[in-house]
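A quick write-up on the structure given underneath.
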Amino acid sequence: MCGIIGYAGHRPAVPLVVEGLGRLEYRGYDSAGVAFIRENALEVVKAQGKLVCLEEKLAQIPNTVATCAIGHTRWATHGVPAERNAHPHCSNNKQIAIVHNGIIENFQELKEGLLSKGHTFTSETDTEVLVNLIAEGRKQCATLQEAFAWALRQAHGAYAVALMSPEEPGVLYAARMAAPLILGSGVGENYVASDIPAFLPYTRNVVFLDDGEVVRLTANSWEVLDLETLKPCQKQCEAIQWDMQAAQKGGYRHFMLKEIFEQPRVIRDCLTGRLTPDRKGVLLPELETLPVPERLHIVACGTSYHAGLWGRHLLESWAQIPVSVEIASEFRYREALILNERDMVMVISQSGETADTLAALRIAQQRNVPVLGLCNVVGSSIARDASQVIYTQAGPEISVASTKAMCSQMVMLALIALAWATRKDCFASAQRAEILQTLSSLPDILEQHLPAMHKQAQAIAPRYAKARSFFYLGRGHCFPLALEGALKLKELSYIHAEGYASGEMKHGPIALIDSDFPTFALALNDALLPKVQSNIVEVQARQGQVVALTDGPLSIPVDDVWQIPCVPGALAAFAALPALQLFSYEMADYLGKDVDQPRNLAKSVTVE
Ligand code: F6R
């Protein structure tokens with residue numbers, strides 16, 4: 001849940017590392033710090049708060065010509081957000097500094113051993129334990145590298161860690177276990193970081209490190225070693241195709257707004273190369289090596305989970321496959337009855353690094369059940385470990401709140417449902433062609449209507465900004481959208497919001513409705529509309545205000561009717577989703593909230 005970066009090269013390392021941390025801030029932003037070597041001694045500068053607080057501190061200290069540094073941006077796991085808990089952490093003897101992303105689960109036990117040997121601790125972090133364990137190892141190992149590996153072999157849990165020491169100036173060590181770490185290989189400079197954007201302006205050549213690997217890097221060399229044996233591993237350097245511009249705001253006030261407006265492009269990219277030349281069939285070669293599952297278990301978290309719930313409707317009705325959808329943190333600790341190899345687990349994850357989703361993948365693998373990964377981030381842990389991966393092609397998603405990634409997941413789920421329906425021969429080809437034609441028309445429809453939707457959100461949001469609570473109601477394929485609308489509102493504007501299946505209101509929740517408790521109703525023009533309208537009337541009978549999102553005529557009056565373009569069937573979700581996102585965006589912006597970096601959240605949840 002943190003971002004780390006290490007640099008060894010020829011440029012001034014501290015500003016470069018701070019700049020890289022800026023591009024990792026989406027991973028955590030409650031404190032930040034850097035370490036470098038000045039006059040043969042480690043110097044560590046850290047600050048609580050956003051990166052700007054660190055920059056202010058660094059501006060106070062004399063310029064450094066260090067060309068090797070490590071840095072960290074933190075999202076608290078052990079210990080409150082405070083300067084003493086910020087990274088880098090140093091060993092007691094000030095000979096080793098490390099930055100760490102992850103959780104050392106047995107840190108308490110390791111700490112007790114170190115305390116008995118006289119080590120002292122100034123923070124509550126597992127990282128300070130790890131750095132002192134390395135220092136302890138240094139007393140008995142011949143080299144720093146061996147001491148690093150010795151300590152890591154005793155650490156259980158997850159880590160991406162980078163280390164520097166005045167003992168070997170100009171050298172960095174790093175290692176990975178169940179947390180992302182990528183090596184960037186440049187000319188006369190090398191990097192390690194939690195994510196590629198950290199160093200992308202300087203090099204596009206990357207090496208994806210695997211669990212149980214250690215890397216030693218200097219300005220002119222890098223070598224990957226096996227953690228257990230310290231023997232060299234053969235690694236491939238790969239060239240990244242996307243550039244920094246794709247990760248910049250492109251003129252929008254916030255990344256979130258840009259990413260919402262990117263959805264037409266995302267749908268186009270998802271369909272590129274995925275349709276037969278006559279555009280009537282689906283091309284998904286990734287599925288060809290996998291059997292069509294008899295039962296599918298979709299496992300994911302948050303927004304990706306909502307995409308899975310939506311996908312279930314398509315997979316069941318088009319491909320006739322029974323589907324269960326489960327939150328990964330529940331799935332991993334339940335006796336999930338995955339019966340045989342004809343079942344399949346589908347894990348959906350934008351980042352491909354979500355700890356619970358990754359754990360679900362491992363459980364499925366242990367039971368020899370094929371795992372299909374739906375990931376956005378190329379080379380991420382889930383993408384690499386799944387039996388097959390389908391990339392969702394959303395491009396880098398920087399805003400913490402996921403928007404365009406869900407859209408891309410939904411396109412891929414629709415294509416997968418059609419591909420399996422075709423293989424099972426349970427779906428008329430004319431109907432498939434019609435659906436593909438609708439999917440192909442979505443980018444133009446959204447491009448045309450997004451500006452008006454944005455204006456509508458700007459007009460409606462201020463009228464509801466004083467609300468303390470909100471209901472989001474939907475039925476059928478709109479129920480997952482109601483859940484997603486509520487999630488977006490609460491995470492961005494900190495207004496309490498609940499998504500409910502409309503029909504469930506009478507079973508309790510309607511007791512909450514009064515004139516201060518508005519409802520956002522998804523009232524799309526489908527077979528369930530009459531029932532949704534009845535539910536709206538029930539809310540109104542309790543003085544509840546109603547915003548209704550609709551793509552057809554509504555036969556009842558509501559406080560705010562929000563008309564969106566009409567898209568047939570379940571694909572109407574592609575028009576409803578940006579409206580929900582824009583409403584939450586405008587509510588948060590109107591209330592002056594930090595849209596791209598909501599409090600208490602991080603983009604990539606790599607711990608439980
Ligand atoms: C909400 C949001 C989160 C993520 C969730 C899963 O806006 O972004 O709920 O969807 O943390 O993340 P991934 O998809 O990376 O596994």
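We use all heavy atoms of the structure for the numbers below, so side chains are in, but hydrogens, waters and symmetry mates are not. When a ligand or atom number is given, it counts from 1 through the structure's own listing order. Since the structure is predicted, the reported quantities are computational estimates derived from the model, not experimental observations.
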In residues 385-398, what donor-acceptor pairs under 3.5 Å come from side-chain atoms, sequence neighbours left out?
unit_1, atom_1, unit_2, atom_2, d
Asp385, OD2, Arg362, NH1, 2.8
Asp385, OD2, Arg362, NH2, 3.1
Ser387, OG, Val371, N, 2.8
Ser387, OG, Val371, O, 3.3
Gln388, NE2, Thr289, OG1, 3.2
Tyr391, OH, Gly379, N, 3.2
Thr392, OG1, Cys375, O, 3.2
Glu397, OE1, Ser402, OG, 3.0
Glu397, OE1, Lys603, NZ, 2.7
Glu397, OE2, Ser402, OG, 3.4
Glu397, OE2, Thr403, N, 2.8
Glu397, OE2, Lys404, N, 3.3
Glu397, OE2, Ala405, N, 3.0

- [ ] Could you check atom 16 (O) of ligand 1 against the protein and tell me its nearest heavy-atom contact, residue, atom and distance included?
- [x] Thr354 OG1, 2.5 Å
TODO: May I ask you to identify the nearest protein heavy atom to atom 11 (O) of ligand 1, giving residue, atom name and distance to one decimal place in Å?
DONE: Val605 CG2, 4.0 Å
TODO: Flag Thr303 as yes when one of its N or O atoms lies below 3.5 Å from any N or O atom of ligand 1, and as no otherwise.
DONE: yes
Open item on the list: Under 3.5 Å between any N/O of Gln409 and any N/O of ligand 1: does that happen in this structure?
Closed with: no
Does the side chain of [X] pick up a donor-acceptor pair with the side chain of [Y] at under 3.5 Å?
| X | Y | result |
| --- | --- | --- |
| Asp560 | Tyr464 | yes |
| Ser399 | Asp596 | yes |
| His454 | Gln456 | no |

Report, in ascending order of atom number, the atoms of ligand 1 lying under 4.0 Å from any heavy atom of [X].
| X | answer |
| --- | --- |
| Ser304 | 10 (O), 13 (P), 14 (O) |
| Val400 | 8 (O) |
| Ala401 | 7 (O) |
| Ser349 | 13 (P), 14 (O), 15 (O), 16 (O) |
| Lys488 | 1 (C), 7 (O) |

- [ ] Give the minimum heavy-atom separation between Arg268 and Thr272, together with the two atoms involved.
- [x] O-OG1, 2.7 Å
Task: Option with minimal heavy-atom separation from atom 1 (C) of ligand 1, where the choices are Glu397, Gln350, Glu491, Met256 - done: Glu491
Open item on the list: As a check for students: among Ala405, Cys301, Ala300, identify the option with a heavy atom nearest to atom 5 (C) of ligand 1.
Closed with: Cys301
Open item on the list: Would you call the rings of His100 and His87 parallel, tilted or perpendicular, taking 30° and 60° as the class edges?
Closed with: tilted
TODO: Taking atom OH of Tyr494 as the centre, report whether more than 12 heavy atoms of other residues, nucleotides or ligands fall under 6.0 Å from it.
DONE: yes
Open item on the list: Donor-acceptor check, side chain of Thr519 to backbone of Ala521, threshold 3.5 angstrom: yes or no?
Closed with: no
